[in-house]
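As structure tokens, the structure follows; a few thoughts come after it.
Residue numbers start from 1 in every chain, and the chains themselves are labelled A, B, ... in the order their sequence lines are given, proteins ahead of strands. The figures that follow rest on heavy atoms only: side chains count, while hydrogens, waters and symmetry mates do not.
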Amino acid sequence: MLEMRLIREQPDLVRERLNTRDPGLGKQVDAILELDSIRRQLETQLQRIHAERNKLSKEIGQLRAKKETSIELETKVRELGDDLAVLNERVIAADEAQRSLMLSIPNLPHARAVKGSDASANPVIRVWGEKPEFDFTPRDHVSLGNELGLFDFERAAKISGSGFIAYTGMGARLQRGLIQFLLDLHTAEHGYFEISPPYLVRRYSMVGTGALPKFEQDAYGLDDGEAFLIPTAEVPLTNFHREEALSYRDLPKYYVAQTPCFRREAGSAGKETRGLIRVHQFDKVELVKITEPHQSYLELDKMTADAERVLQLLGLHYRVIELCTGDLGFSMAKTYDIEVWAPGQGSYLEVSSCSNAEDFQARRINLKFKDAEGKNRYPHTLNGSGTALPRLIVALLESGQQKDGSIKIPEPLQNYMKAAELRK
RNA sequence: GGUGAGGUGGCUGAGCGGUCGAAAGCGGCGCUUUGCUAAAGCGUUGUACCCCAAAAGGGUACCCAGGGUUCGAAUCCCUGCCUCACCGCCA
């Protein structure tokens, strides 16, 4: 949620920045200003009547204490009470109208974010390693994995429909080993605190991170929309301290969690849907930070580096791109995507997205911290994948493949896998 | 799922339907005393919103949440949520 005061005091700035996301979005500023002024007028009226009623009620109490009559006052107060009820409903309605519009307005892109309307404008920030060379035509993970018995798409589809995967045998062990490797790396070497959170969350937690209200069609809902399967561990982790006031001494917080993620992927049928690349349920190791505002961008760089480290240790070629204003997620002010090279696809796959939401989510979840002066302020929240499992597996299989269809396992994984390669 | 108890400010814990945003203690902050520490004394100490250009100041709301009774609710009634205890069921 944006700060109302900012919209009120610098509407042009807000309008302009929203327009960099999507020309036309800036119009929302005028709508919100209108609702805000209506709400405030009503609230002022309501409060005047309240003040009057409180005063008269107090007088009634005093009259009664002196055993004097107070009938006239009582009648008057009763009338005020009726006005109050009517006005109160209008205030509540105005408040809700404003709030719901506020919740549907995305975050402002960072002031220096690259401007652009879609992914084609995303600049490449850096590249690590090189595309591996093969003296044969590299195969894709589906054919490699099927041959090695690493997963079973047909049976998974039989159970749950298309878009679900069952890892089998060494494939299952590969995922488990990777999860272990990732959690060990981030906890032991990068300083994150491990949490195993609920996978089912309340609606307000989804609203809190910005997954709702806009993207309800992407989530799996239960109980008539009161609960949702998490689309990412960002939701439970970021909400972990909701409604709390932390101390600046507790910041920054570094959290890591491995969870499944559930996504309907509505509207993406047919698009990069082959194999493991886009599925309805996948595992992910997620990083979340809560920081003081002045260090959040430094922390974003560190978090991105932590995610990149995964690929470096596994020897996977990747590039980091910055999302332009038009491609930014709803809650985010700045995002770096890490894309790993998948030789069998002949393309880069997004395996991590590291973002700074600034105070946008903190406002929504009412998360504050007391600074050194004892003042309550909103911290910044960050999140990044570290990393998504299926696409990491795609890259590992396709990059590690050998002519005979076996797969070399990168050195750091070998202990977890109890094997140096995958073969029939 | 059943029964019982309970949810008050950073914490502990009072609170007769009217002057209670809420006693007291602890903690925090400030000042005084002090060679330093400790201790003591005094003062201060919630959040959100509204009015005001801003500051000063004023006002409204908030004692788990939502309804209700009443001229008036922390206080009475109902519902829900949560916590604790015991029972049942269950991985």
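Nucleotides A73(B) and G18(B) have their P atoms positioned 11 Å apart, rounded to a whole Å. Rounded to a whole angstrom, the distance from the C1' atom of U19(B) to that of U75(B) is 16 Å. Between the C1' atoms of C63(B) and A48(B), the separation comes to 16 Å (whole Å). As rounded to the nearest Å, G15(B) and G7(B) have C1' atoms that lie 16 Å from one another. Here, A38(B) and U45(B) have their C1' atoms 24 Å apart, quoted to the whole Å. Comparing C20(B) with A74(B), their P atoms are spaced 12 Å from each other, to the whole Å. The gap from the C1' atom of C64(B) to that of A56(B) amounts to 36 Å, rounded to the nearest Å. As rounded to the nearest Å, G1(B) and C16(B) have C1' atoms that lie 40 Å from one another.
Nucleotide U19(B) is matched to nothing when pairs are restricted to Watson-Crick or G-U wobble geometry with both distances under 3.5 angstrom. Figure legend. A5(B) is base-paired to U83(B); pairs are counted as Watson-Crick or G-U wobble with both atom distances under 3.5 Å. Under the Watson-Crick or G-U wobble criterion, with both distances below 3.5 Å, C31(B) is paired with G41(B). Pair assignment for G88(B) gives none, since no Watson-Crick or G-U wobble pairing has each distance under 3.5 Å. With a 3.5 Å ceiling on both atom-pair distances, the Watson-Crick or G-U wobble partner of C49(B) is G59(B). Figure legend. A14(B) is base-paired to no nucleotide; pairs are counted as Watson-Crick or G-U wobble with both atom distances under 3.5 Å. With a cut-off of 3.5 Å on both Watson-Crick or G-U wobble distances, the partner of U75(B) is given as none.
A 6.0 Å sphere centred on CZ of R139(A) holds more than 12 heavy atoms belonging to other residues, nucleotides or ligands. Counting heavy atoms of neighbouring residues, nucleotides and ligands inside a 6.0 Å radius, atom NZ of K76(A) does not exceed 12 of them.
Judged by closest nucleotide on RNA chain B, I92(A) is the one of I92(A) and R78(A) placed further toward the 5' end. If you find the closest nucleotide of RNA chain B to R8(A) and to K370(A), the one lying nearer the 5' end belongs to K370(A).
Ion pair R309(A)/D306(A) not flagged as a salt bridge, since none of the NZ, NE, NH1 or NH2 atoms sits closer than 4.0 Å to an Asp/Glu carboxylate oxygen.
Classification of the F164(A)-Y220(A) ring pair by plane angle, with boundaries at 30° and 60°, yields tilted. Ring geometry, Y192(A) versus H190(A): the interplanar angle exceeds 60°, so the pair is classed perpendicular (tilted spans 30 to 60°).
Not a single donor-acceptor pair under 3.5 Å links the side chain of E339(A) to the backbone N or O of I321(A). Proximity of a side-chain donor or acceptor of S162(A) to a complementary backbone N or O of A157(A) within less than 3.5 Å is not detected. The closest donor-acceptor contact from the side chain of R391(A) to the backbone of E350(A) lies under 3.5 Å.
Across all strands shown, K368(A) has heavy atoms under 4.0 Å from sugar-phosphate atoms exclusively, and none from any base. Using a 4.0 Å heavy-atom criterion, one finds that R249(A) contacts no nucleic acid atom at all. Counting any heavy atom pair closer than 4.0 Å across all strands shown, R39(A) reaches sugar-phosphate atoms only and no base atom.
Contact footprint of chain A on RNA chain B: nucleotides with an atom under 4.0 Å from a non-hydrogen protein atom, first to last in 5' to 3' order, G18(B) to G72(B).
Residue I393(A) forms a side chain to side chain contact (heavy atoms under 4.5 Å, CB included) with just one option from L150(A), L174(A), I165(A), and that option is L174(A).
Within a heavy-atom distance below 4.0 Å of RNA chain B, the residues of residues 43-58 of chain A found are E43(A), T44(A), Q47(A), H50(A), A51(A), N54(A), S57(A).
Taking the six-membered ring where the residue is Trp, the centroids of F262(A) and Y199(A) are separated by 6.0 Å or more.
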